[in-house]
Amino acid sequence: MSFYDTMTRLEQLPYEALWSRYTAEDVKRALRAERVDEEGLMALLSPAAEPYLEEMAQKAHRLTRTHFGHVMQLFTPMYLADYCVNHCTYCSFSSIYDFPRKKLTLEQVAREAETIAATGLRHILILTGESRNDSPAGYVRDCVNVLRRYFASVSIEVNPLSTAEYAELREAGVDGLTLYQEVYHQETYRALHVKGPKRVYRNRLDAPERGCQAGFRSVNIGALLGMYEWRQEALATALHARYLQDKYPECEIGLSTPRFRPYLGEFNPASDVTDRALVQIILAYRLFLPRSGISLSTREPAALRDHLVQLGITKMSAGVSTEVGGHSLEGGTPQFEISDNRSVNEMAEMLRSQGLQPIFKDWDILSEPLGLR
Amino acid sequence: MQDPLMIGGVTLTSRLFIGTGKYSRNTLIPEVITRSGSQVITVALRRVDPESSDNIVSHIPSHMTLLPNTSGARTAEEAVRIARLARSAGLGNWVKIEVINDQKYLLPDNTETIRATEILAAEGFVVLPYMSPDLSAALRLKAAGAAAVMPLGAPIGSNRGLQTKELIRILISETNLPVIVDAGIGRPSEAAEAMEMGAAAVLLNTAIATASDPLLMAEAFRDAVAAGRKAYLAGLGPVEETAAASSPLTGFLA
C-alpha cells in the first residue's frame, strides 16, 4: 500500500462533475463535523464553499489557537548548492540554464549559519538542487554536522533519497523533511519534468513515506499551487497528509501552500490561484487536519501574509534568501523571486502587533554529533 | 487552614499547576503566576533558549518550582535525554515526563513513560509522569519511583473536561500517590470537580492561555481549585436520588 494507490483512485474520479455536486448543505455539514472526512474535505474545497470562507476562517482560527496557542514558529531556508541535473520547466536551477553554479564549502556553511543565527533564528531548512555528484547525501550530512552547532533544529529540502540515506541524515541530527510533490496530477507532472531523475513520479510521491519510516520527527509536504487545477491538487495534498498521519502517527505531518512565483524562464501556470483560492485551501487544510502544522513562505507578499497569520498558519519563513550563500556571499542566482523581503526582526514585530508570539526555538537536537560517536 | 501538598520535599500551598507554551507574549507569564497563585509551572525544554533575550525561563519568578517537561519525546530514551539536558541547563531536578507517540490525539505512551520514570527516578529526579489513567500503569509508575501521577482528563488542548473521571477516581483511591489531573480541563467548574474527587492538584495551560482574558481566567481557576479542595476536605454529602422524606415511613420503629 502506498499513497500511489489513492492517487490512482483519485485520477479515476469524474472531477468536473464531482466538484459541482457539492451544495451549501454539504459545506455546512463539514463545518459542523467534529472530524472532517474525505467528502467533507471535498465540500470545503468545492465552489459551494466559496460563500462560507468567513465561517471556515472563524473555525480555523479557533482550532489553531486551541491546538497551537498564540504563537508562530519562524524559520529560514538556507541554500547549500544549486547544481542540478533535472530540467523542470518552472525552476531557475534547471540544468538548461547557464549560470555559474555554486556549492558552499563547510567554512562557507559556517559563515552563512553564523549570519543567520545572529538574527535569533534557531530553526533552519537546508536546500540543494539534485546532483548526486555535487551535492550527495554525504555532503548534506557534513553540512548538518556544522549547522547543529548554530541551530536547535535542522530540516532538509533535497531531492528524494532512500530510506537508508534519510536514516543516516536523521542520525546526523536532521529532524525534519520537506518534500513537495510539485504537482500530483501525473500527466502534468510528466510534462513539467522534462529530463532527469525527477521524472520518476513515484520515487518522489513515496519519498515522504520513506522519511516517516526513517524516523524523522516531522515531514512536510505540499503541491506547488498553480501547476494544475488547484482543487484537485489541494485534495491530493490533504489526503496524502492524512494517509501519512494515519500510518505514521508518531511523525508530525505538516503542509505547505507554495504558490507559483516568477523565475528565470517564461513558464506560465496552468491554474490561476487567486488569493481567495489560497485562503480556501489553507482553511480546508486546517479543518481537515486540525493539529497539523501549516507553513507559509515568503513567496506571498507581506500584506497578504499579515492577514493569513490568523487563518491557520503555524510556521513562517523570515529573513529569506533563495540564493546559495545569499546571507554572507555575493552573486548568487535566486531559485525564485520572493515577495516578502522583511527581516526576521520586522516579521517578529508584525507578529507581536497581531498578538502572536514569534517562536525562534522549539526543539533541541538530541543525537550526538558525528565524530563523537 | 493548613493543607499543604508535599511533593519531592517541597511544600506547596497552591494546588494549581500552570503552563507556559501558548501565550501571546512571555511577559504575561509573571502576571498569570500572580493572579493564579500558582507555585509550580511547567516549561518545555524545547522552548528554552538561554541565548535569547526573551528566554521563557527569565520570565518566571525565582520563588516558583520549575517543572521542565519532555515535550517532543517519542521514546523513553528521548525523554531521559531531555530531562538530563534540562537539569544540566540549571532548571532543577523536577521533571514532567511526557512521551507522545501519537500526533493525532497526543495521547501519552504509558509503557515508554514507565521506562523513563525508572531511569530518571534512579538518577534523583522528582518525576511527575503524564499518563493515560490506567491503574496498573499507575502502580508501575509508583514502583518505578514517581513522586505523583498525572493522568489526563481528556486529550491535551481539547478543553473537554474530565472525560476519564471514573478511571481517575480509581487512581485516587488505589495508588496512594498524589494524583494531579493534567490536560483536558477547559473550565473552572471541571477543575473544581477534579479537586472535589480528591485530586491532589490540577495542571492546565490551554484554558488560561487561550481565554480572551487570561489573567481573569487564571484567577477563576485559582478560586475553583481552592473551592474544590475545600469541598473535598469538608466531605461532600452523599448524592440522593430522591428527596429525603421529612416524615419517615419507618419512624414508628424507633
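Just so it is clear: chains get the letters A, B, ... in the order the sequence lines come, proteins before strands, and each one is counted from 1.
With rounding to the nearest 0.5 Å, the separation of CD in A/E252 from NZ in B/K104 is 14.5 Å. Once rounded to the nearest 0.5 Å, the distance linking OG of B/S53 with CZ of A/F360 reads 8.0 Å. The CZ atom of A/R122 lies 4.5 Å from the CG atom of B/D49; values are rounded to the nearest 0.5 Å. For the atom pair CD1 of B/I56 and CD of A/Q357, the computed distance is 6.0 Å after rounding to the nearest 0.5 Å. Rounded to the nearest 0.5 angstrom, A/M72 CE and B/S24 OG are separated by 13.0 Å. Interatomic distance, A/D362 CG to B/R47 CZ, rounded to the nearest 0.5 Å: 4.5 Å.
Contact annotation for B/N26: both backbone and side-chain heavy atoms come within less than 4.5 Å of a heavy atom of chain A. With a threshold of 4.5 angstrom between heavy atoms, B/T210 approaches chain A through its backbone and through its side chain. Contacts between B/L45 and chain A at a heavy-atom distance below 4.5 Å involve backbone atoms as well as side-chain atoms.
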Requested in this report: Applying side-chain contact (heavy atoms from CB on, under 4.5 Å), run through A/V71 and B/K22 and close with a yes or a no.
Outcome: CA-CA 6 Å; A/V71 302; B/K22 289 180 169 173; 5.6 Å; no

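The 12-atom threshold is not exceeded at CZ of B/R160, counting heavy atoms of other residues, nucleotides or ligands nearer than 6.0 Å. For CZ of B/R187, the number of neighbouring non-hydrogen atoms (other residues, nucleotides, ligands) closer than 6.0 Å is 12 at most.
Using a 4.0 Å cut-off between a side-chain N of Lys or Arg and a carboxylate O of Asp or Glu, A/R217 and B/E78 qualify as a salt bridge. Residues B/R46 and A/D364 are not paired through a salt bridge, judged by the lack of any N-O separation under 4.0 Å between the basic side chain and the carboxylate.
Listed options A/Q354, A/K361, A/R65 were ranked by heavy-atom pairs under 4.5 angstrom with chain B; first place goes to A/K361.
B/I82 and A/L366 make their closest contact through CG1-CD2, 3.8 Å (heavy atoms, listed as atom of the first residue, atom of the second, distance). Considering all non-hydrogen atoms of both residues, A/R291 and B/P155 come closest at NH2-CB, 4.3 Å.
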